[in-house]
Every structure is written in structure tokens, then in C-alpha cells.
Amino acid sequence: MLSHTLVLEVGIAVLLVAIVGLLANKLRFSVIPFFIIIGMVVGEHAPQIGYIDFTFTESKPFIDFMGRLGVLFLLFYLGLEFSVGRLMRSGKSIVTGGLVYVFLNFISGVLIGWLMDLPFKEMMVLCGVMTSSSTAIVAKVLTDLKRTANPETEIIMGMIMFDDLFIAMHISFLSGLILTGGTSFWSVLGTSLLALGFILTFLILGRKLVPAIDRLLQDKSPELFILIIFSLLFIIAGFSETIHVAEAIGALMAGLVFADSRYIKKIEGVIAPYRDFFGAMFFFSFGLSIDMYTLGGAVGWATLAAAITIVCNVASGYFAARFSGRKPKASFDIGFTLSARGEFSIIMANIGKAGGLLPILQSFVVVYVLILSIVSPLLTKESRTLWAALFGKDTAPLKQKKTLEQLEESAGKSSS
């Protein structure tokens, strides 16, 4: 039975999220850590004042559902940004820099998991958490710093596209390993191959479905336009969940298909407000599920992991810059930008929670995401200054001035 204070509690939750969002914008920080922190602050240990319950006990299931929708809209919009065609055209920058990026970060996850003496399932979640860059934070940082037209931004986006595809596969692997109860190698392999087949089917058939989608959307009223998009999104995401492929992957694949539609700009305009609202509630609901008094044991490990992530990302940035013919100083721009962690790390932490894995994972992810979502934008902003401080400024070699004799000689040659 629904509580009579449900609407009031949801309204207060949205107001709190809006307030910390305004604060983040004023401080010119990413809003993601602010959304998580306010969720933790008003969670389990918050007081109840009259009708206002700051623990959000009655409304938490509804807030969690809004967060679940937030994941779908975030992944759907991400698919809209990339498209199947763009994936095919960006092969070199994706494969070269992306492979190094995924390898170094995944291995660092194995290292931290081994040091923490985690079981295999927890270690696999940790590897995914440490490999997944935050597309939302990266895009915002590049926009805020006016670097979207810079040469290294193409490399960054190519690496993110490769990382997102890897994470899509890894989430499907984790779903088979953790959520479906598969214990044998063959059952996990079967679920993973099913997920791979699902993804490849969308990548191959996506372009062929676009004309049919365009005809479906043609000359539709705003109400019908949005109803068609939402129905297809939820059906595809829901269907993927029924075959044990994470619903987030279904949403991503749906976005990749819609991305080649001639109505892409209109679709993005329709989806963006829902992405922003439900995405904010996703981070808030994640913070709401965390007991901040249990974070102490994870601070040291998360700090070490964050430092290793930054080093690995700068190293992958160096190789990516080298493969693409950029100057070595671009490695700082690339590495610091890609170090941000956010939505995908939290999605995988939630998979671990749903599968009943060790609670230390949740605490680790909270601290790890908070550190990198704050530090990465700051390092990106000062990347040129840090490079100059460590390696000196790039100075163009000065042309040696010709002597009077050389000028007279060259003049004589030209006259003859």
C-alpha cells in the first residue's frame, strides 16, 4: 500500500538533488559526487521531522525505480551519441588506444582485487569498476574546458567508445556470472555468448531497421513520437533482461539503432530532459543505499586504486597519442580526462549488490567514484600546467639568423 507521504518525500528528494546541483554548478564541479553525497547524508541515519522522513523509507522503492529508469536513459542517450556508422568509421582510434586503455585498467583491477584478497566474482566486478570511464563526466569536462574541437578529443572519444563496448560485454558477463546463478564455466560462457550474439545482432541489423523506424516516426504528433520511442526503448531493454542480458545493454543497443535515424536531433531533444532528471535520481538512489559509517574500511584501498587508475590512464594516453601521431604532452590531456569514474562503475556495483556479493564492494565504489569524479576534472583543467612543470614548455626552435656574408652570397647566387 502506498504511503500518503510518498509524493511529499519524492518532492523533497528532488528538491535536495536540485539544491546540490546548483551548488555543484556554482563551484564548477561535476554534479555526480554531489548527488551521491546528498543521498548518503539523508539516508539511513537521517532524522524524521514531523511528516518529513529524511531516511525516505516509504519512498525508497519508488526512488530506486526512478534510478533504474535513469540507467536506461543514460545508456540509451549514449547509444544515440555514437551510432553504428560512427563505430565502424572510427576503427583505428578505437582499437589502438582502446585496447591499451582496457588492458592496463583491467589488470590494475586484478591487482587491487588480489591485494584485497577478494573472491573471483568480487574481483571481476572490481575489474569492471576500474575499467569503466564516465562518459557523462568526460563529455561535460570537455565542453566546460572548450576542448571539444581539440585534436586529442577525437582520440579520447574513440577510446571511450571502445571502453563502452567492452563494458557492455563485461556487464553481460557479470550478469551471467552473478545474477543468473550460473556456477559452472559452461553456463557462464553460454550467457556471455548469448549477450555477444544479442549485441552483434543489433550492430549488424541496426542500419537495416532505420528506414522502418523513420517511417514509423514520420509526421507523428509530439505525443505519439515520444510514445513510440519510449515503447521501443522499454521493450528492447525489457526483452534483453528476459534473456539474461542486462537491461542497460538493451538500452544501449536501442540507442545505437536510433542514432542513424534522420530524426536523431529530435530524438535527442526529447530524451535529454529524461536522461538528466532520472540520471540524477540514479546517483541519488545509489547514495541513499550507502551507510556512510561503513566507508572507513574502503578509504585506503579506494585511494590506492584511484592513484593507480590515474597512472594507468596517463600511460594509455601516451600510447594512444603516439599511435595517432600526437605530441607526448597530449598523454596528460587524454589520461586525466579518461580517469573520471561514475555511472558505469555504479551500475556494476549494483550488480554485485543484487548478487549478494561482499559489502566492501559498495563502500569501495563510493569512495573510488567520489575521488576520481572530483580529482579527474581538476587534473584535466591543469593538464597543460602540470606537463610544463614536469617537462618544461614546448618551444619552437628559433631560426638562426643569417650573417651578412651569407646574405650577400645568397643574393649573388640568385642574381646569377
Side-chain angles (χ1 to χ4, degrees), residues 27-30 32-33 92-94 96-112 115 129-160 162-163 299-342 345 367-400:
L27 296 176
R28 301 185 69 81
F29 275 129
S30 166
I32 290 176
K92 184 179 178 181
S93 61
I94 290 178
T96 52
L99 274 174
V100 176
Y101 172 85
V102 167
F103 175 77
L104 290 178
N105 283 281
F106 195 88
I107 291 299
S108 67
V110 173
L111 173 63
I112 294 295
L115 291 174
V129 166
M130 293 185 64
T131 307
S132 53
S133 184
S134 171
T135 306
I137 296 178
V138 169
K140 181 171 176 55
V141 168
L142 291 173
T143 303
D144 289 348
L145 296 179
K146 295 179 173 60
R147 294 186 183 180
T148 53
N150 287 11
E152 68 272 7
T153 298
E154 182 180 345
I155 303 172
I156 292 170
M157 295 312 297
M159 292 171 71
I160 279 190
F162 185 92
D163 180 50
V299 171
W301 290 117
T303 304
L304 174 63
I308 291 175
T309 296
I310 292 172
V311 172
C312 287
N313 285 4
V314 170
S316 63
Y318 170 78
F319 285 108
R322 187 173 180 181
F323 292 148
S324 304
R326 308 295 179 194
K327 293 182 179 179
K329 68 176 182 179
S331 59
F332 272 29
D333 292 335
I334 297 168
F336 290 152
T337 305
L338 289 173
S339 294
R341 297 294 184 266
S345 297
V367 181
Y368 179 73
V369 168
L370 287 177
I371 291 173
L372 288 178
S373 60
I374 293 172
V375 171
S376 173
L378 293 176
L379 289 175
T380 304
K381 184 179 180 181
E382 301 299 332
S383 60
R384 317 288 172 75
T385 305
L386 290 171
W387 177 272
L390 291 172
F391 304 105
K393 292 183 178 180
D394 287 345
T395 53
L398 295 174
K399 280 189 174 182
Q400 189 175 4

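Atom set for the values below is all heavy atoms of this structure, side chains included, hydrogens, waters and symmetry mates excluded. This one's a predicted model, so the numbers in the text were calculated from it and none came from an experiment.
Among residue pairs with one or both ends in residues 331-340, those qualifying as salt bridge (charged side-chain N to carboxylate O under 4.0 Å, His left out) are R147-D333, D333-R384; sequence neighbours excluded.
V110 pairs by the side chain to side chain contact (heavy atoms under 4.5 Å, CB included) definition with F106, M123, C127, not counting sequence neighbours. With sequence neighbours excluded, the residues forming a side chain to side chain contact (heavy atoms under 4.5 Å, CB included) with F103 are I107, listed by chain and number. Scored by the side chain to side chain contact (heavy atoms under 4.5 Å, CB included) test, L27 finds L23, F29, F34 as partners (sequence neighbours excluded). Residues that satisfy the side chain to side chain contact (heavy atoms under 4.5 Å, CB included) test with F319, not counting sequence neighbours, are V100, F323. Residues forming a side chain to side chain donor-acceptor pair (under 3.5 Å) with D163 (at least two apart in sequence, or on another chain): none. Shown here are the side chain to side chain donor-acceptor pair (under 3.5 Å) partners of S345, two or more places apart in sequence or in another chain: S132. Contacts of T380 classified as side chain to side chain donor-acceptor pair (under 3.5 Å), with partners at least two apart in sequence or in another chain: none.
Two residues are said to be in side-chain contact when any heavy atoms from C-beta on lie closer than 4.5 Å; Y101 and S133 meet this criterion.
Contact record, R341 with M130: NH2-O, 2.9 Å, taken as the closest heavy-atom pair.
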Would you list the atom pairs, donor with acceptor, under 3.5 Å between side chains in residues 299-310 and any protein atom, with sequence neighbours excluded?
unit_1: T303; atom_1: OG1; unit_2: V299; atom_2: O; d: 2.7
unit_1: T309; atom_1: OG1; unit_2: A305; atom_2: O; d: 2.8
unit_1: T309; atom_1: OG1; unit_2: Y368; atom_2: OH; d: 2.7

Donor-acceptor list for residues 370-379 side chains, cut-off 3.5 Å, not counting sequence neighbours:
unit_1: S373; atom_1: OG; unit_2: V369; atom_2: O; d: 2.6
unit_1: S373; atom_1: OG; unit_2: L370; atom_2: O; d: 3.3
unit_1: S376; atom_1: OG; unit_2: F336; atom_2: O; d: 2.6
unit_1: S376; atom_1: OG; unit_2: A340; atom_2: N; d: 3.2

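Note that OG of S331 is 10.5 Å distant from CD1 of I155, once rounded to the nearest 0.5 Å.
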